[in-house]
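Below you'll find the structure, written out as C-alpha cells, and then a few comments.
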Amino acid sequence: MKFNKLSQLFSDLESTTKRLEMIDFLSKFFEDLKEKEDYRDIDKIIYLLQGQLTPNIKQFPKMGLAEKMIIEAISLHSGINSKRIKEILIKQGDIGATAEFILSKKKKQKSLFDYNKVEEISGSSLEILELYSELKKIALTEGIGSHDTKLGILRGLISKCSPLETKYLLRIITSTLRVGVQSQTIIEGLTLAFTGKRDNKGVIERAYSLSPDLGEISRILVEKGLVEVKKVDIEYGTPILSMLASREIYTEFTNRLGVPFVAEYKLDGERLQIHKVGENITLFSRRLLDISFQYPDVCKVIRENVKANKVIFEGEVVAMDHFYEKMLPFQVLSKRRRKFDVEDISKEVPVCLFVFDLLKFGEESFVDKSLSFRRKKLEEIIDEKDELRLVKSVLINSTEELLSFFNTARKEGNEGIMAKSIQENS
DNA sequence: TTTGGCTGCCC
DNA sequence: ATTCTGC
DNA sequence: GCAGAATGGGCAGCCAAA
C-alpha cells in the first residue's frame with residue numbers, strides 16, 4: 001500500500017470529532033484491504049495508525065528526533081532559517097502543519113502542477129513498506145554523527161512525500177499524530193470491518209489487553225478469524241496492559257461501591273509488572289518497557305522469596321529508608337531510573353517492592369479471578385522481607401473505618417488509598 | 001573534557 | 001500524573 | 001462516563017558544540 005492512502009485516512013479522521021464517523025472512516029479503509037485481500041502490511045498500518053513504529057512490547061528504540069530537530073530538517077530542506085520556521089510553528093501550532101504549509105508553497109513555486117496531482121498520475125507515492133524501513137533506520141541510528149544521519153534519512157523521506165504526507169510523517173516521528181484515534185477506536189473499526197458486528201468489540205479488546213500488539217491481533221483476525229483472537233491469553237514474557245485507576249475523593253468510595261469494599265494503600269513509587277519464569281525475572285514498566293536492569297536488587301529478592309516457579313504479578317516499587325522504616329518520595333526513587341552505576345545507586349537508594357496483584361500462576365490465568373482469591377494466593381507464595389512485602393489491604397465496613405484507614409495511610413507517608421470492589425467480576 | 005540542548009519516560 | 005473537550 | 005488530547009514536574013542519557 002502507498003503512504004498517500006494512509007495519509008488520506010489520517011486527513012479524514014482529523015476532519016471530524018465524531019467518534020462514529022471516525023469508526024466509519026476506519027472500517028471503510030479496512031474493508032478496502034479486505035476487498036483487495038491485501039493484508040501484507042496490515043500490522044505496520046496499524047502501528048502507524050497508533051502513531052508508532054512497533055507495539056510497546058517490542059522494546060524497539062524511539063526515533064530520538066523530535067520537534068527541534070524536525071525544525072532543523074525543514075530548514076535544511078526548504079532553505080528557510082529555523083527562526084522563521086519557529087514563528088510559523090507558533091502560528092500553525094503543529095510541526096506537521098508547519099511543514100505542510102512551507103512545502104506546499106515551495107512545491108507550487110517549483111512546478112506548475114499541483115504536486116499531489118502529479119503524484120496521483122505517476123503513482124509515485126512512497127510505499128508504506130519503504131517508509132517503514134526508513135523510519136526504522138532513523139530509530140536505530142546512534143553514536144557520533146547520528147543527528148546528521150537521522151536528518152539525512154528524514155530529508156530523503158520528505159523529498160518523496162507530498163506536503164500532506166509530510167505532515168503526518170513528521171507527526172508520527174514526533175509522537176504527536178493526534179488524529180483523534182487510538183487503540184479503542186481502531187478496535188471498533190477493525191470489529192466492524194472484519195466481523196460485521198459491533199458486539200465483537202469486547203473479544204478484540206480483551207485480546208489486545210492480554211497481548212498488547214494490535215498489529216499482531218489484526219493479523220490473527222484477518223488471517224485466522226475471530227475464533228483465534230478469542231484464544232489469545234496472558235503469556236509469560238508478554239506484559240499485559242495495566243488497569244488504570246480513576247481518581248476520586250475517598251469519601252465517595254462508599255457511595256460508589258457500598259460496603260464492604262477493599263481499600264489499599266496508594267504508594268508513591270513506580271509500577272512494576274513482574275514475570276518470573278524459574279530464576280528468570282523480568283520487570284516491565286507501566287508503558288511495558290523492560291526495565292529489569294534498573295532493579296537487580298528487586299529481581300534478587302523476588303528470585304529468593306517468591307515461592308512459585310512461574311508467576312506474573314504486579315507491585316509498586318518505592319524508595320525506602322529501611323533503618324527508619326520510612327517511605328521516601330517519588331523523586332528519590334527516580335534516581336534509580338538509570339543505565340549506569342546501577343549497583344552503586346541500588347545501595348544509595350534502597351527500595352521495597354509492595355506487591356498488590358496476581359495475574360498468572362503456573363499455567364492458570366488469574367485475571368478473571370476474584371480479588372480475594374488473587375490476594376490469598378499472593379499471600380501463599382510470597383515470603384515477606386524488608387524489601388518485599390504485600391501492600392496493606394483491609395476490608396472497609398463503615399465510614400468510620402474508611403476515615404481511620406485514610407488517616408493512617410497518610411500518616412505513614414502514602415499518597416492516599418485505593419478502593420477495589422469485592423464483586424467477582426471486577 | 002565539560003557543558004547544555006534535546007529527547008524520552010516516570011509520575 | 002492532572003485537566004479539559006466532545007460525544 | 002469514555003476516549004483522546006493537552007499539559008506539567010523532574011530525572012537520566014545522548015550527542016554536538018564549546
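We name chains A, B, ... by the order of the sequence lines, and we start the count at 1 in each one. All values reported here derive from a predicted model rather than from experimental measurement.
In plain terms, the two heavy atoms of R256(A) and E248(A) that are nearest each other are NH2-OE1, 2.9 Å. Between C352(A) and L388(A), the shortest heavy-atom contact is SG-N, 3.9 Å.
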Under-3.5 Å N/O pairs linking protein and nucleotides 16-18 of chain D:
residue, atom, partner, partner atom, Å
dA16(D), OP1, G145(A), N, 3.3
dA16(D), OP1, S146(A), N, 3.2
dA16(D), OP1, H147(A), N, 3.0
dA16(D), OP2, G145(A), N, 3.0

Atom pairs under 3.5 Å: protein N/O with N/O of nucleotides 4-6 of chain C:
residue, atom, partner, partner atom, Å
dG6(C), O3', T17(A), OG1, 3.1

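Under 4.0 angstrom from either OP1 or OP2 of dG5(B) there lies no side-chain N or O belonging to K68(A). Considering only side-chain N and O atoms, S334(A) lies nowhere under 4.0 angstrom from the phosphate OP1 or OP2 of dC10(B). OP1 or OP2 of dC11(B) has at least one side-chain nitrogen or oxygen of R286(A) nearer than 4.0 Å. Contact annotation: R247(A) side-chain N/O to dT2(C) OP1/OP2 distance is under 4.0 Å. Contact annotation: R178(A) side-chain N/O to dG4(D) OP1/OP2 distance is not under 4.0 Å.
The number of heavy atoms from other shown groups lying within 6.0 Å of NZ (K310(A)) is above 12. The number of heavy atoms from other shown groups lying within 6.0 Å of CZ (R303(A)) is above 12. Other residues, nucleotides and ligands contribute at most 12 non-hydrogen atoms within 6.0 Å of the NZ atom of K28(A). Heavy-atom neighbours of E87(A) CD from other residues, nucleotides or ligands within 6.0 Å: above the threshold of 12.
In this structure, S285(A) reaches the sugar-phosphate backbone alone: every heavy-atom distance under 4.0 Å involves primed, P, OP1 or OP2 atoms, never a base. Contacts of V332(A) with the nucleic acid, taken as non-hydrogen atoms under 4.0 Å apart, are absent. No contact: S175(A) has no heavy atom under 4.0 Å from any strand. Within the 4.0 angstrom heavy-atom criterion, no nucleotide atom of any strand lies near L20(A).
Among the candidates T98(A), T176(A), L154(A), the single residue satisfying the side chain to side chain contact (heavy atoms under 4.5 Å, CB included) test with L170(A) is L154(A). Each of Y265(A), Y250(A), F253(A) was scored for a ring pair (Phe, Tyr, Trp, His ring centres under 6.0 Å) with F406(A), with one residue passing: Y250(A). Exactly one residue among E270(A), R336(A), K300(A) makes a side chain to side chain donor-acceptor pair (under 3.5 Å) with Y295(A). That residue is E270(A).
At whole-Å resolution of the value, CG in L241(A) and C1' in dA3(D) are 14 Å apart. Between the NZ atom of K62(A) and the P atom of dC14(D) there is a distance of 16 Å, given to the nearest Å. Rounded to a whole Å, the CD1 atom of I291(A) is 14 Å from the C1' atom of dA12(D). As a whole-Å value, the separation of M327(A) CE from dC11(B) P is 16 Å. Following rounding to the nearest Å, N56(A) (CG) and dG8(B) (P) show an atom-to-atom distance of 14 Å. With rounding to whole Å, F330(A) atom CZ is found 18 Å from dG8(D) atom P. With rounding to whole Å, L244(A) atom CG is found 15 Å from dG1(D) atom P. Atom CG in L140(A) sits roughly 15 Å away from atom P in dC14(D) (whole-Å rounding).
With sequence neighbours excluded, no residue satisfies salt bridge (charged side-chain N to carboxylate O under 4.0 Å, His left out) with R247(A).
The OG atom of S11(A) sits 8.0 Å away from atom CD of E100(A), with the distance rounded to the nearest 0.5 Å. Here the straight-line distance linking atom CD of Q50(A) with atom CG of D213(A) works out to 8.5 Å at 0.5 Å rounding. One distance of note links OG1 of T282(A) with CG of N280(A); it measures 5.0 Å at 0.5 Å rounding.
Checking dC11(B), dC10(B), dC6(B) against every side-chain atom of L289(A), the shortest atom distance belongs to dC10(B). Comparing dG4(D), dC9(B), dC11(B) by their nearest atom to the side chain of Q182(A) picks out dG4(D). Of the candidates dT7(B), dA5(D), dC11(B), the closest approach to any side-chain atom of E415(A) belongs to dC11(B).
Closest-nucleotide positions on DNA chain D for Q331(A) and T176(A) were compared, and the one nearer the 5' end corresponds to T176(A). Sequence order on DNA chain D of the closest nucleotides to K335(A) and G180(A) puts G180(A) first from the 5' end.
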Please tabulate, for the side chains in residues 221-230 of chain A, all donor-acceptor contacts under 3.5 angstrom to protein atoms that are two or more places apart in sequence or on a different chain.
residue, atom, partner, partner atom, Å
E223(A), OE2, R219(A), NH1, 2.8
E228(A), OE2, K231(A), NZ, 2.9

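Distance noted for atom C1' between dG8(B) and dA1(C): 16 Å (whole Å).
No donor-acceptor distance shorter than 3.5 angstrom exists from the side chain of S211(A) to the backbone of A207(A), with no hydrogens or angles considered.
Proximity of residues 265-274 of chain A to DNA chain B (heavy atom under 4.0 angstrom from any strand atom) is restricted to G269(A), E270(A), R271(A). If you check residues 337-359 of chain A against DNA chain D, the residues with a heavy atom closer than 4.0 Å are R337(A), R338(A), K339(A), F340(A), listed by number.
In this structure, a donor-acceptor pair under 3.5 Å is absent between the side chains of Q8(A) and N4(A).
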